[in-house]
Structure formats: C-alpha cells, structure tokens
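Below: one structure, written as structure tokens.
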Amino acid sequence: GDLEAGRNVLYITMEMAEHKIAERIDCNLLDIELKNLKKMKKGEFISRVDSLKQKTRGKLFVKQYPTGAAHVGHFRALLEELRNKKDFVPDVIYIDYLGIVTSQKYKSSNYNSYHAMGFVAQELRGLAVEFGVAIWSAIQTNRSGYNNTDLDETSTAESMSVYHIADLVWAIIRTEELDKMGQVMFKQLKSRYSNKAEFSRFVMGININKFKLFDIDTPTQLVDTASISMVSSVPQSSGGFDQFKF
C-alpha cells in the first residue's frame with residue numbers, strides 16, 4: 001500500500017532472509033501466490049513488473065541484519081548511506097521486529113527483558129523523530145495472549161514499557177472463526193493521533209498465500225468480538241487507515 005501510494009519504504013529484517021522478504025512483497029504487489037511466483041517464466045515476470053511500475057511510484061529497499069545483533073546505530077548508518085549513495089530517503093521504515101533489536105546504549109545482559117525492550121523502543125522512536133520518518137515494528141504476545149480473542153496492553157511480551165513509548169499500538173487478533181472467513185481483526189490499544197474509542201476495532205480480509213490484506217465491505221467497521229461471525233468478506237476499494245496521518 002505504501003509503495004503504491006508513492007511512499008519510499010525501507011524494510012529491515014532480522015528474522016528472515018532478504019530474498020524471502022522480497023518474494024513476499026512480490027507476491028503482494030503482483031497479486032500472485034508464492035507457489036505460482038516461483039513457476040512464473042522470466043518474460044511474464046518482467047511484463048508484470050513493467051506493468052506495476054506504471055502505477056507504483058514508491059521505492060523499496062530491504063536490508064538484513066543478524067538476529068539480535070543490530071541497533072539504531074546500524075540503522076542510522078544505513079539511512080545516511082542510502083541518502084548519500086542512493087539518493088533514497090524513506091517515508092516509512094518497517095523493522096521486523098522490535099523484540100530482536102538490541103539496544104545501542106545498554107547491554108541487555110545487565111537488564112531484564114522488560115527494561116531492555118523499553119530502551120530499544122525509546123531509541124527507535126528517537127530515530128524516527130531525528131529523520132522525520134514513521135517506524136513500524138511488532139512485538140509478540142505473552143502466554144496469556146495466545147488464542148486470546150480480546151488482547152489488551154497486558155497481553156504482549158514486555159508490553160508496558162513499549163506501550164508507554166509508542167505513539168500508535170494495534171493488536172492483531174486471529175481466531176479459528178476469523179481464519180475460516182479469511183479475516184483478521186485489528187484492535188486499537190493506544191493512539192496519540194485520535195480518540196481510540198471512536199475507532200476501537202475493525203476487521204480486514206487476509207490472503208495468506210499472497211501475503212495480502214484488503215478492506216472488506218461491512219455494515220460497520222466497528223465490530224464486537226462476539227459478533228465477528230456476522231461480518232461479510234466482500235472486497236471494497238476504500239482504505240481503512242486513511243484517518244491516521246503521520
């Protein structure tokens with residue numbers, strides 16, 4: 001969505017190889033399943049990419065670091081290198097994921113995981129402010145969050161230290177019922193941009209084989225966990241995140 005909207009995107013991965021991330025992004029942008037992407041002939045692939053270029057103005061860079069070995073110092077050096085050598089300045093950075101980023105200032109061995117993740121979150125937010133860029137990342141749920149249909153800020157690992165620092169926090173909820181409908185639920189846990197009570201939760205369609213999220217046509221975007229079975233799955237064109245501006 002960011003690329004198609006003309007935004008420059010930097011994707012930093014520490015959990016998956018660069019080419020694996022690139023494959024998933026190709027599937028999403030080209031609207032094709034991974035198994036079919038690998039079978040696609042070179043000519044057809046180039047033709048689809050050329051067609052995509054006509055409507056996609058944003059640029060993408062993917063960078064891999066070893067798990068648990070990278071911190072904001074590495075990210076800052078990367079941003080400066082991309083700006084100086086590639087004339088590339090991202091509008092948004094995705095970091096996959098916060099839980100395996102290390103702190104530049106503090107050795108994690110001297111602190112428990114709660115404080116360590118808080119330090120990392122502080123440093124990432126500082127980097128976002130320094131470069132004037134939005135940074136998205138993720139943290140995992142704790143044991144109580146698994147198979148929980150109504151996550152809150154206490155349901156994620158080391159959540160409260162990160163929760164206090166982040167500007168916007170969404171919980172992503174999957175259940176067997178939602179999986180059968182090809183849907184995933186988002187619940188807003190915190191926002192410095194709007195009243196979270198006015199846009200507390202909504203569902204989106206999901207195509208896991210294409211690594212794709214899409215809007216669905218529903219009577220209302222505000223849904224209750226108890227009534228998710230009543231939500232339909234018809235795609236619509238309007239965007240669900242338009243009111244959240246950075």
Side-chain angles (χ1 to χ4, degrees), residues 1-70 78 82 85-88 90-100 135-138 140-141 146-147 170 172-186 202-218 228 231-241:
D2 284 315
L3 290 172
E4 293 176 332
R7 300 185 185 96
N8 291 333
V9 177
L10 172 62
Y11 193 111
I12 296 174
T13 173
M14 285 156 288
E15 188 176 41
M16 189 175 293
E18 291 177 5
H19 73 278
K20 291 293 185 182
I21 296 296
E23 282 181 346
R24 294 185 172 202
I25 294 173
D26 284 344
C27 289
N28 182 295
L29 293 176
L30 299 176
D31 195 31
I32 188 173
E33 294 185 9
L34 181 59
K35 62 180 181 181
N36 294 327
L37 178 69
K38 294 182 176 180
K39 297 177 183 177
M40 186 181 296
K41 294 182 178 179
K42 181 178 179 180
E44 182 184 358
F45 178 80
I46 293 175
S47 176
R48 286 208 182 196
V49 171
D50 288 341
S51 177
L52 183 64
K53 286 181 180 179
Q54 303 302 315
K55 61 179 181 180
T56 303
R57 303 182 303 277
K59 295 181 180 179
L60 168 70
F61 276 89
V62 180
K63 175 65 176 177
Q64 180 184 2
Y65 291 97
T67 301
L78 173 63
L82 289 173
K85 295 183 179 181
K86 302 289 186 179
D87 194 28
F88 174 82
D91 300 299
V92 58
I93 301 173
Y94 292 91
I95 297 178
D96 188 10
Y97 61 96
L98 190 148
I100 50 179
I135 294 181
W136 287 92
S137 191
Q140 296 181 350
T141 61
Y146 284 100
N147 298 319
W170 291 92
I172 301 177
I173 300 171
R174 290 182 61 183
T175 66
E176 289 185 8
E177 186 176 21
L178 284 168
D179 284 346
K180 291 177 181 178
M181 294 186 292
Q183 297 176 3
V184 63
M185 178 183 289
F186 290 79
F202 63 93
V203 292
M204 295 188 73
I206 183 170
N207 187 322
I208 295 176
N209 293 322
K210 295 181 179 179
F211 307 99
K212 203 175 189 71
L213 290 170
F214 54 90
D215 294 322
I216 57 176
D217 186 15
T218 63
I228 56 177
V231 178
S232 63
S233 302
V234 181
Q236 65 177 20
S237 59
S238 62
F241 288 94

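Everything quoted here is computed from the prediction, not taken from an experiment.
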Short side-chain to backbone donor-acceptor contact, E18 and Q64, under 3.5 Å: yes
Could you grab the distance from atom CG of D96 to atom CE of M16, nearest 0.5 Å is fine? 7.0 Å
Nearest 0.5 Å, please: how far is NZ in K39 from CD in E33? 10.0 Å
So how far is it from R174 CZ to I206 CD1, rounded to the nearest 0.5 Å? 5.5 Å
Shortest non-hydrogen contact from K59 to L3? O-CD2, 3.4 Å
Validation row: M40, N36 side chains within 4.5 angstrom (heavy atoms): no
Whether T67 side chain and M14 backbone form a donor-acceptor pair below 3.5 Å: yes
d(Y94 OH, L60 CG) to nearest 0.5 Å is 10.5 Å
Is any side-chain heavy atom of I32 less than 4.5 Å from a side-chain heavy atom of R48? yes
Smallest heavy-atom separation, L178 atom then I173 atom, equals CD1-O, 3.7 Å
Can you tell me how the ring of F202 sits relative to the ring of F186, calling it parallel under 30°, perpendicular over 60° and tilted otherwise? parallel
Distance (rounded to the nearest 0.5 Å) between I216 CD1 and M181 CE: 8.0 Å
Are there over 12 heavy-atom neighbours, none belonging to K212, within less than 6.0 Å of that residue's NZ? yes
I need the minimum non-hydrogen distance between E15 and Y97, along with the two atoms involved. OE2-CE2, 3.7 Å
Are there more than 12 heavy atoms of other residues, nucleotides or ligands under 6.0 Å from atom CG of D50? yes
With a 4.5 Å heavy-atom cut-off, do E23 and F211 have their side chains touching? no
Could you check if a side-chain atom of F61 sits within less than 4.5 angstrom of a side-chain atom of L78, using non-hydrogen atoms only? no
Report the distance from atom CG of L37 to atom NZ of K210, rounding to the nearest 0.5 Å. 12.0 Å
With S137, which of I93, I12, I95 fulfils side chain to side chain contact (heavy atoms under 4.5 Å, CB included)? I95
With a 4.0 Å cut-off, would you call D91 and R7 a salt bridge? no
